[in-house]
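Before any comments, here is the structure.
Basis for what follows: all heavy atoms, side chains included, without hydrogens, waters or symmetry-related copies. Sequence positions, counted from 1, serve as the residue numbers for this chain.
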Amino acid sequence: MKTVTVSLGERSYPIHIETGLLTIAGDLLAPLLQGRRVAIVTDSNVLPHLATLQAALAEEDIASEAIVLAPGEATKSWGVLETLCDRLLELGIERGDHVIALGGGVIGDLVGFACAILKRGCRFVQIPTTLLAQVDSSVGGKTAINTRAGKNLIGAFHQPVMVLIDPAVLDTLPPRELRAGYAEIVKYGLIDDAPFFAWCEANGAALLAGDEDLRERAIAHSVAAKARIVAADEHETNGTRALLNLGHTFGHALEAEAGFDGTLIHGEGVAAGCALAFAFSAAQGLCTDADAARVAAHMREVGLPDGLAATGIAASGARLVDHMRHDKKMDAGTLPFLLARGIGGTVLDRGVDLTDVATFLDAQPR
Ligand code: GLY
């Protein structure tokens with residue numbers, strides 16, 4: 001078993017990674033859960049894993065209550081948050097009890113937020129069941145729901161007490177979801193780890209084809225990178241954690257233009273966004289055209305969008321930039337932008353002129 005620690009003083013927690021971990025989750029959770037109430041919140045797509053987890057807990061004589069929500073982004077809403085909090089209160093969950101979030105990013109974000117506000121904060125464990133949640137959203141304590149005004153606009157930082165990652169659950173994940181999660185893995189290489197990007201170029205295709213060892217190594221490497229960044233800037237105040245948004249400004253604009261209707265899923269937006277961030281950086285003379293071409297080539301090779309044309313989005317640069325102006329990262333009229341001085345050389349630039357971005361996007365092939 002690989003273990004990575006998120007070092008946050010008294011809120012530090014371990015992330016355990018091992019294929020088949022769900023079947024022995026009782027062992028790892030028993031010291032936390034003994035004698036206390038346990039609620040597991042999941043969605044109806046995850047029921048087979050719920051059965052595995054409840055059986056693993058039962059082996060340690062730990063009884064659990066399951067709350068099964070509807071799958072999909074619409075579950076991250078005020079309405080479902082209220083229902084979930086009422087249910088957890090009915091179950092008598094106390095501050096020292098644990099709620100387990102078993103699912104993808106939607107479940108993790110919603111349950112994390114419910115636990116941030118329930119009795120001013122109760123404990124929770126993340127057991128992510130998608131690659132995207134395993135390498136990104138389950139680690140670092142960002143929790144949120146969506147509102148009419150946009151995604152993730154209401155939320156809190158609330159760290160889990162443990163994260164359990166079982167790559168075996170990925171066997172049943174649709175290939176498109178797997179590829180989308182892989183985009184976030186590549187992102188760690190692009191941010192500050194050129195050798196890891198080269199590792200992805202060499203191993204990405206085999207990893208996506210299901211190689212267990214490669215999958216486990218990539219997940220462990222990614223969560224270690226995320227743990228380092230979160231430890232350096234838990235609340236995204238000193239510019240370090242913002243590096244994790246590489247590809248996300250372009251990506252969110254593309255997702256918003258696509259209408260968040262499943263035609264372009266988050267990781268696909270991030271893949272296209274990373275390729276565009278590098279192409280824009282090359283156009284600004286920050287990195288070489290060869291670096292930008294390498295990023296696009298790897299996305300293409302693994303079946304991810306490698307730029308604007310591959311997303312099928314034909315909107316003008318001005319329209320896409322308009323989506324960026326509504327980004328929650330807008331700060332006093334400027335948008336902190338992630339650019340690259342090269343592969344592994346991502347930098348935060350607060351001086352990017354959005355009209356230059358619009359002109360660049362208009363010049364992209366459609
Ligand atoms: N997913 C970006 C972050 O956790 O900061």
Side-chain angles (χ1 to χ4, degrees), residues 4-8 15 105 131-144 151-152 155 157 159 180-200 218-255 266-267 269-282 284 286-288 291-292 294-296 298-299 304 324 327-331 334-352 354 357:
V4 172
T5 301
V6 183
S7 299
L8 290 169
I15 305 164
L131 184 56
L132 195 123
Q134 291 185 341
V135 297
D136 183 25
S137 59
S138 67
V139 175
K142 277 192 180 176
T143 73
K151 286 180 71 173
N152 296 333
F157 287 99
Q159 300 293 344
Y182 176 74
E184 300 276 3
I185 291 179
V186 175
K187 186 189 74 177
Y188 292 109
L190 297 178
I191 290 174
D192 63 358
D193 191 348
F196 185 57
F197 179 72
W199 185 92
C200 289
I219 293 169
H221 196 93
S222 299
V223 297
K226 179 134 188 195
R228 261 195 317 276
I229 289 173
V230 168
D233 182 17
E234 183 182 9
H235 296 126
E236 204 166 316
T237 47
N238 66 21
T240 307
R241 188 161 184 164
L243 297 175
L244 294 170
N245 294 326
L246 175 64
H248 284 58
T249 301
F250 284 108
H252 279 155
L254 297 171
E255 281 183 272
H266 179 67
V270 170
C274 285
L276 286 168
F278 269 77
F280 181 67
S281 301
Q284 301 282 304
L286 261 184
C287 72
T288 63
D291 283 338
R294 219 175 127 192
V295 175
H298 185 54
M299 298 303 184
L304 282 165
M324 293 178 188
D327 197 301
K328 65 176 175 308
K329 294 183 287 299
M330 276 299 279
D331 181 22
T334 62
L335 185 60
F337 231 87
L338 278 311
L339 300 180
R341 293 192 194 283
I343 286 169
T346 295
V347 287
L348 182 70
D349 187 334
R350 295 183 190 276
V352 171
L354 289 180
V357 178

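Every residue was checked against the ring-ring contact (aromatic ring centres under 6.0 Å, His included) condition with F278, not counting sequence neighbours, and none meets it. In this view, R294 and E201 satisfy the side-chain hydrogen bond (donor to acceptor under 3.5 Å, both in side chains) rule, not counting sequence neighbours. In terms of the side-chain hydrogen bond (donor to acceptor under 3.5 Å, both in side chains) criterion, residue partners of D327 (sequence neighbours excluded) are, by chain and number, K329. Taking the ring-ring contact (aromatic ring centres under 6.0 Å, His included) definition, one finds that Y188 meets it with nothing, sequence neighbours left out. H248 pairs by the ring-ring contact (aromatic ring centres under 6.0 Å, His included) definition with H252, H266, not counting sequence neighbours.
Side-chain atoms of R350 and P336, non-hydrogen and from C-beta on, do get closer than 4.5 Å to each other. Residues K226 and V230 meet the side-chain proximity criterion, which asks for heavy atoms closer than 4.5 Å. C200 is listed as a side-chain neighbour of H298, based on a closest heavy-atom distance under 4.5 Å. Taking 4.5 Å as the limit, some side-chain heavy atom of E236 sits within range of a side-chain heavy atom of K142. Looking at V352 and V357, their side chains come closer than 4.5 Å, going by heavy atoms from C-beta outward. Using a 4.5 Å heavy-atom threshold, the side chains of Q134 and E184 count as separate. Residues L131 and I185 form a side-chain contact, since some pair of their non-hydrogen atoms from C-beta on lies under 4.5 Å apart.
Note that the CD1 atom of I15 and the CD1 atom of I219 stand 11.5 Å from one another [nearest 0.5 Å]. Here CE of M299 is found 4.5 Å from SG of C274. Values are rounded to the nearest 0.5 Å.
Without hydrogens or angle criteria, Q159 side chain to G141 main chain gives a donor-acceptor distance under 3.5 Å. The main-chain N or O of A144 is never found under 3.5 Å from a side-chain atom of N152 such that the two would form a donor-acceptor pair. T240 places no side-chain N or O within 3.5 Å of a backbone atom of A232 that could act as its donor or acceptor partner.
Evaluated for a side-chain contact (heavy atoms from CB on, under 4.5 Å) with L246, the options V186, T346, V270 yield exactly one hit, T346.
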Could you go through residues 191-199 and list every donor-acceptor pair under 3.5 Å that involves a side-chain atom there, pairing it with any protein atom two or more places apart or in another chain?
{"residue": "D193", "atom": "OD1", "partner": "F196", "partner atom": "N", "Å": "3.2"}
{"residue": "D193", "atom": "OD2", "partner": "H221", "partner atom": "NE2", "Å": "2.7"}

